[in-house]
Every structure is written in structure tokens, then in C-alpha cells.
Number of protein chains: 2
Amino acid sequence: MAGQEKTSRKAAGTAAAVRRPRSHRTNGGAPRGEAGDDIGLDALVGHAGYAVRRFQLWIFQDFIKTLATVDIRPTQYSVMTVIGANPGLSQMAVAKRLGIERARLVHLLDSLEERDFVSRVPSATDRRSHALHLTARGKTALAQFKRLAAEHERHVAEKIGKENREQLLQILACFT
Amino acid sequence: MAGQEKTSRKAAGTAAAVRRPRSHRTNGGAPRGEAGDDIGLDALVGHAGYAVRRFQLWIFQDFIKTLATVDIRPTQYSVMTVIGANPGLSQMAVAKRLGIERARLVHLLDSLEERDFVSRVPSATDRRSHALHLTARGKTALAQFKRLAAEHERHVAEKIGKENREQLLQILACFT
DNA sequence: CATCAATTGTTGTCGTCAACAACAATCTTT
DNA sequence: AAAGATTGTTGTTGACGACAACAATTGATG
């Protein structure tokens, strides 16, 4: 296959959204330097899912990093927040509200209970279910988590812009 | 999608330590939230990460469902799209461009090559790297995938609104 | 030219996460 | 009381991101 010349331009019409006029990439078949930026995404630029995936990756990494000192991950934070705002909820109710599997919530609560942040109190009215509560330690801890989470949220605002963040929240409000 | 409980199911007593006992909600007006939706999210409503997570979950599920007949997942689609638009790229270049680990790309390409969608051509200039190309079958397949992906994108527009989707893409453009 | 550092593809492990399936204990309904 | 549904639990599967290590190869340095 020595002569792959410019096979090229085959991307043809569909792309159109490429940023730079793509110079010589398909030349000798060599993946040369490509600093990495003149590679077109083609149809992906029009897909919300791709942008959202990249964004979520960034946002979760920043969240984890910002709350690294307290070792709290996004899902753990969401669970504690909901329990703190609605004491006595069952695991089923929390799982359904947050859109996570109740099977997964078991392990999440295990770790949070192990760290003495939440407690599973046997429900008085239904011996199957547990009433979830924050411990005293959990409440003060959550207060700190919220401060750190607010700091993380400022990082988001810095990244995409204050008003863009507002719009984003408004657009996606129907999913919360 | 799947899980609307048609209720008559009462979330009943168990969790209701604090919640109000869902008295009679006059069914007259808007058919707003059913069953257990008076659970507050507290600080979560102000966090972009939470909304984004829920959105991405929805969007990926719809993508997978919409492309279920061809058995293509979002990541596979993104890989094929980039290769289709930039034939001859190395695995390193694709991985870097899409923000996925090159280790992970190995398995991705294994499965795509197994299905005869892409091929790893030994690079003429660098015996370490492979030049990635779509096979003839891969090209026609990708064309169909793009049609289905466009259909999925219409679902997104229906869900959040046409102009909201546009804004979203614009806001998150810096991550693509 | 020889040597050392860097790159590329690959393999492997680890931990997170969503999706299911099954189960025992316990309501709820009939 | 019997049948059916719900709750918490355990387990499995598969996709996914992050890391670490390795052989082959390339590039840079002396």
C-alpha cells in the first residue's frame, strides 16, 4: 500500500463542520504529528450526547478533586443531601428520587453508615424498610461537603460562564 | 419511560416521617408528578453535575435503544465517526481526540474489527502504529448509524426543546 | 554509531456504575 | 389464610475510566 496518495476528501459532504480546512492528513497514511487538533469530529459535533459526556466527565473529575480531602463522590453527596433534606425516607424512595438502583444504594449506604454519616433506623410502620437519617456527625459533615460542592460549582461557572451555567440548569431542570 | 407506576400504589407510611401525607390532591388541574415526588432535592437543584448526570443517563439510554437494531453504543459510534471522517488516523490520535484511554480503544477496535467495520492497517511510516480505516461494509453501516443517530437527536430535541438543544450544544462546545 | 528516552499498541488490574435476576422477609389484597 | 406485590439484599454481567506495566519501535542525545 505504498501509494495511498490522497485518498482523501472522501469525507465529502457530511462533515462540513470541520474547523480547519483539513490539510494533508490522509497523505502517506502516516499519522504524523497531528498535534491533535485538526481532527474533525464530523457528525459528533451535532450530537448533544457527545458534548454532555465530555462535560460530565470534566465536571465529575472536578467534583471528586474538589472534595478529595473529605473523600466524597458525587453519588454519595447526592444521597446524603436528599436524606438530610428528607429525614426518614426509605431506601426505595431515595433510590427512585435520585434515579439510582436500589441494589446500588445498598452499598452506598453501607459505606456511609460505616463512616457514621447516615443510619438505617428500622421503620416503625413497615418492618421491611429502613428510615434513613443523618447522624449528628453526618449533619456537620454534610455542611462542609456543601461548602466544598459550592466551590466546585464555582469552577463550573468559571469554565462555561456564569450565565451559561444558569441556562444549563434551566434547560435540564426537567431531569432533576 | 418504563417505570411509571400506575399507582394506586401508595408510597404510604413507611418513609413518611416528615413528608406530608399526600392528602387528596385534587386531580383537577395539571397532572403533575404522580406518586412520590414531593421529595426535595435541596442543594442538588443548584448543581449542574446532578442535572447533567441525569440527562446523560437519559440520552445514552435513548441512543442505545434507538440504535439497538444495529447494536451500536455511543462510544462505538463516536469511534467510527471519527475514523470515517479522518481515515488513516492512529489509535493514539483517535483516543486523544475522543478523550478515551488508548487501552480502552484496543477492545473497542477489536469488536469493531471483528464485525468488519474498521480495519487496522499497518502504518507504512511507523511500524508501531496502525492506520485506522473503515471497511466498505463499515462505510455503508456508518451511514445507517448516522441516520439512526439523527433520529435519536430528534428525540433529544423533543425532550428538551429544539432551541434549548441548540443552546446546549453551543454552551458545551468547548468540551468537544 | 550506540545509548537512552519517548511513543505506540497491548495486556492486565482496580474501582465505579447501570442493569438484571433472584431471594427472604414482610406488607397488601382478596 | 393464600396469592401477589414491595423492600432490602446479594450476586452477576457488561460498559467505562484510570493506572501500571510491557515489548516493539522510533527519536533524540552523546
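Here is how names work: the chains are called A, B, and so on, in the same order as the sequence lines, proteins then strands, and each is numbered from 1.
Across C:dT8, C:dT26, D:dT9, the shortest atom-to-atom separation from the side chain of A:R102 is found for D:dT9. The side chain of B:L57 lies closest to C:dA18, out of C:dT10, C:dC17, C:dA18. Proximity note for B:R127 (side chain, C-beta onward) versus D:dT10, D:dA20, D:dT25: the nearest is D:dT25. Comparing atom distances between the A:M92 side chain and each of C:dG9, D:dT7, D:dC16 picks out D:dT7 as nearest. For B:A103, the side-chain atoms get nearest to D:dA20 when compared with the rest of C:dA18, D:dA5, D:dA20. The nucleotide whose nearest atom lies closest to any side-chain atom of A:R128 is, among D:dT7, D:dT26, D:dG17, D:dT7.
B:Q91 comes within contact range of the sugar-phosphate backbone alone, with a heavy-atom separation under 4.0 Å but no base atom that close.
The phosphate of D:dG17 has OP1 or OP2 within less than 4.0 Å of a side-chain N or O from B:R104. Side-chain nitrogen and oxygen atoms of B:R53 include at least one within less than 4.0 Å of the OP1 or OP2 phosphate oxygen of C:dA18. For C:dC17, the OP1/OP2 oxygens have a side-chain nitrogen or oxygen of A:T75 closer than 4.0 Å.
Between A:I83 and A:V94, the shortest heavy-atom contact is CG1-CG2, 4.3 Å. Residues A:T66 and A:L148 come closest through the heavy atom pair CG2-O, 3.6 Å.
The CG atom of A:L108 sits 7 Å away from the P atom of C:dC17 (whole-angstrom rounding). Rounding to whole angstrom units, CD1 of residue A:I59 and P of C:dT16 are separated by 20 Å. Protein atom CD of B:E101 is 17 Å distant from nucleotide atom P of D:dA15, rounded to whole Å. Taking atom NE2 of residue B:H130 and atom P of nucleotide D:dT26, one finds them 12 Å apart after rounding to whole Å. Atom-to-atom, CG of A:D126 to C1' of D:dT9 comes out at 15 Å; the value is rounded to the nearest Å. A:F60 places its CZ atom 7 Å from the P atom of C:dC17, with the value rounded to the nearest Å. Atom C1' of nucleotide C:dT11 and atom NE2 of B:H107 are separated by 7 Å, given to the nearest angstrom. With rounding to whole Å, B:L109 atom CG is found 15 Å from C:dT11 atom C1'.
The residue among B:R73 and A:R120 whose nearest nucleotide of DNA chain D lies closer to the 5′ end is A:R120.
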Give the table of side-chain donor-acceptor pairs shorter than 3.5 Å for residues 156-164 of chain A, with sequence neighbours excluded, one pair per line with atom names and distance.
residue : atom : partner : partner atom : Å
A:N164  : ND2  : A:I160  : O            : 2.8

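Considering B:F145, B:F60, B:F63 in turn, B:F63 is the only one that fulfils the ring pair (Phe, Tyr, Trp, His ring centres under 6.0 Å) rule with B:H152.
Distance alone, capped at 3.5 Å, is enough to place a donor-acceptor pair between the A:E113 side chain and the A:R120 backbone.
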